[in-house]
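Structure first, then comments.
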Amino acid sequence: MLNPSHHLAALLLLTSLTPNPVLTSAAKTVIIPKSSFDNQTSFDTYWNYLYPWGTDHNGSARMARAQTRLSNSTLIHTATRSQNQKPATHGGKQIPIRYLSGAVHAKKHLTVTRGGGFDFSAEFVAPVARGTWPAFWLTGVESWPPEIDLAEWKGSGKISFNTFNTSSQVRARDVGYPDPGRWHSVLCEVRNAGGGNGDVGVKFWLDGKMIEQQWGKGFVGKALYLIINLQMEGSSGGNGPEQDTLFQTRNVEVVEYTA
Ligand SMILES: *[C@@H]1O[C@H](CO)[C@@H](O)[C@H](O)[C@H]1NC(C)=O
Ligand SMILES: *[C@@H]1O[C@H](CO)[C@@H](O)[C@H](O)[C@H]1NC(C)=O
Ligand SMILES: *[C@@H]1O[C@H](CO)[C@@H](O)[C@H](O)[C@H]1NC(C)=O
Ligand SMILES: *[C@@H]1O[C@H](CO)[C@@H](O)[C@H](O)[C@H]1NC(C)=O
């Protein structure tokens, strides 16, 4: 027999597994259409090359425009071994650079407004070998965190979905990622969670299956960069591959909802 606490548990489970309701009062705007990788003109309308802050981050790849190309409406980043590069500096530490690779970021900064949110969707052929670290992610323009890893692969054979409240308060969910050589789809719904404290609910789907919901503390009103990059080593371990590594992305779509 169900006692009241079972009812509550069942209700909470249902609430957390049901997709977010359509925001009926919300206006819907396509910020980036699925066609943004169709040709250079379309790309240039929505995207810039490299990271918003330049060529380096916290892995062993230095981003270069030539490592990114468009083909058949697909964005392709290629990581290639490179010697005699100056080290990167991150958080006061030097990081040896061993690859040239590709990154792009959305021209538009994305800010969840009160009562609003975004849907992020895309398809990927992403490498999962040790030392390869592709990601489709959001990070704060003014501060870090906020960060939401809409999809990240850290060289473990799995895919990771993560939300950072602080550098140490992180919800990180790794799930199996079969057939990495095939296309997989990711959808992430980011919504102001209500309650008036500016939190967001973040729901992740892989290949149409909901994985889980996470929560971001106070993300409302904070501008975010959207980045698609192929970093190397760093969070995915050392001894990255000698041969070229490709990361392919297509059908990226960003839809904004505003109350
Ligand atoms: C580029 O792609 C966009 C989006 O599909 C399309 O509307 C436009 O006609 C294309 N331009 C060229 C020059 O092919
Ligand atoms: C181009 O992409 C379409 C799907 O978007 C796919 O069906 C087709 O096989 C691709 N063509 C090549 C040459 O890769
Ligand atoms: C982040 O903050 C939200 C809102 O306070 C909370 O619900 C969530 O549990 C926090 N995440 C982690 C990993 O502690
Ligand atoms: C690199 O920085 C990102 C945030 O920009 C963070 O999510 C990631 O954990 C960092 N990894 C390493 C190895 O420093």
Side-chain angles (χ1 to χ4, degrees), residues 36-37 39-40 42-44 46-107 122-141 144 147 149-160 162 167 174 177 180-184 186 225-250 252:
S36 77
F37 299 147
N39 54 52
Q40 193 66 42
S42 193
F43 176 92
D44 290 338
Y46 300 100
W47 302 94
N48 282 325
Y49 290 95
L50 312 179
Y51 290 117
W53 53 84
T55 57
D56 301 349
H57 189 212
N58 54 5
S60 69
R62 171 162 291 142
M63 303 307 169
R65 194 201 139 124
Q67 302 303 117
T68 299
R69 63 196 159 93
L70 296 173
S71 174
N72 193 27
S73 300
T74 300
L75 179 82
I76 305 174
H77 291 316
T78 304
T80 307
R81 277 282 187 191
S82 181
Q83 273 156 19
N84 306 318
Q85 294 282 333
K86 282 184 304 183
T89 305
H90 184 85
K93 284 197 301 190
Q94 294 215 319
I95 303 175
I97 293 294
R98 293 202 272 254
Y99 297 88
L100 292 178
S101 187
V104 301
H105 61 277
K107 286 194 165 167
E123 295 172 300
F124 302 98
V125 176
V128 296
R130 181 183 165 88
T132 65
W133 186 19
F136 175 53
W137 60 298
L138 298 164
T139 188
V141 173
W144 178 80
E147 175 176 343
D149 300 319
L150 306 164
E152 180 182 22
W153 297 259
K154 293 186 281 190
S156 67
K158 296 189 168 179
I159 184 171
S160 307
N162 319 304
S167 57
D174 287 1
Y177 193 71
R182 302 182 69 137
W183 288 97
H184 291 278
V186 164
Y225 295 123
L226 174 64
I227 301 171
I228 307 170
N229 66 256
L230 175 55
Q231 238 324 328
M232 298 295 278
E233 301 185 324
S235 293
S236 67
N239 299 313
E242 293 297 328
Q243 73 278 17
D244 283 4
T245 298
L246 267 60
F247 176 36
Q248 301 183 69
T249 306
R250 71 182 184 192
V252 173

For the student: nearest non-hydrogen atoms of [X] and [Y], plus distance:
X: G59; Y: I95; answer: O-CG2, 3.4 Å
X: S36; Y: W47; answer: OG-NE1, 2.8 Å
X: P127; Y: L230; answer: CG-CD1, 4.2 Å
X: L150; Y: V186; answer: O-CG1, 3.5 Å
X: L138; Y: L226; answer: CD2-CD1, 3.8 Å
X: V125; Y: G181; answer: CG1-O, 3.8 Å

Selection [range] - residue pairs positive for salt bridge (Lys or Arg N to Asp or Glu O under 4.0 Å), sequence neighbours left out:
range: residues 46-55; result: none
range: residues 76-95; result: R81-E242
range: residues 226-235; result: R98-E233
range: residues 48-63; result: D56-R62

Rounded to the nearest 0.5 Å, what's the gap from [atom1] on [X] to [atom2] on [Y]? Could you check?
X: I228; Y: F124; atom1: CD1; atom2: CZ; answer: 6.0 Å
X: W144; Y: Y225; atom1: CH2; atom2: OH; answer: 15.5 Å
X: L100; Y: R65; atom1: CG; atom2: CZ; answer: 15.0 Å
X: Y46; Y: K107; atom1: OH; atom2: NZ; answer: 10.5 Å
X: T55; Y: M63; atom1: OG1; atom2: CE; answer: 9.0 Å

All side-chain hydrogen bond (donor to acceptor under 3.5 Å, both in side chains) counterparts of [X], not counting sequence neighbours:
X: D44; answer: Q40
X: Y51; answer: Q231
X: S82; answer: Q85
X: Q67; answer: T80

Answer yes if the ring centres of Y49 and F43 are under 6.0 angstrom apart, and no otherwise.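 Under 6.0 Å, so yes.
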Start with the C-alpha gap between L75 and T68, add the side-chain angles, then the distance that decides, and say whether side chain to side chain contact (heavy atoms under 4.5 Å, CB included) holds. CA-CA 7 Å; L75 179 82; T68 299; 3.6 Å; yes
How about [X] and [Y]: do any of their side-chain heavy atoms sit closer than 4.5 Å?
X: T249; Y: V104; result: no
X: M232; Y: S60; result: yes
X: W153; Y: S236; result: no

Run the side chain to side chain contact (heavy atoms under 4.5 Å, CB included) test against H105 and tell me which residues pass, sequence neighbours left out.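 Testing H105 for side chain to side chain contact (heavy atoms under 4.5 Å, CB included), a comparison that skips the adjacent residues, returns N48, P52, I227.
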Excluding sequence neighbours, so at least two apart, what forms salt bridge (Lys or Arg N to Asp or Glu O under 4.0 Å) with E147?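 Partners of E147 by the salt bridge (Lys or Arg N to Asp or Glu O under 4.0 Å) criterion come out as none, since no residue qualifies.
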Could you check whether any side-chain N or O of S235 sits under 3.5 Å from a backbone N or O of K154, counting only pairs where one atom can act as donor and the other as acceptor?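 Not a single qualifying donor-acceptor pair exists.
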ring-ring contact (aromatic ring centres under 6.0 Å, His included) pairs, two or more places apart, involving residues 67-104: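 Sorted pair list: H57-H90.
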Any pair with a residue in residues 124-141 that passes side-chain hydrogen bond (donor to acceptor under 3.5 Å, both in side chains), sequence neighbours left out, goes on the list, sorted by first then second residue, please.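 Non-adjacent pairs meeting side-chain hydrogen bond (donor to acceptor under 3.5 Å, both in side chains): W133-E152, W137-N229.
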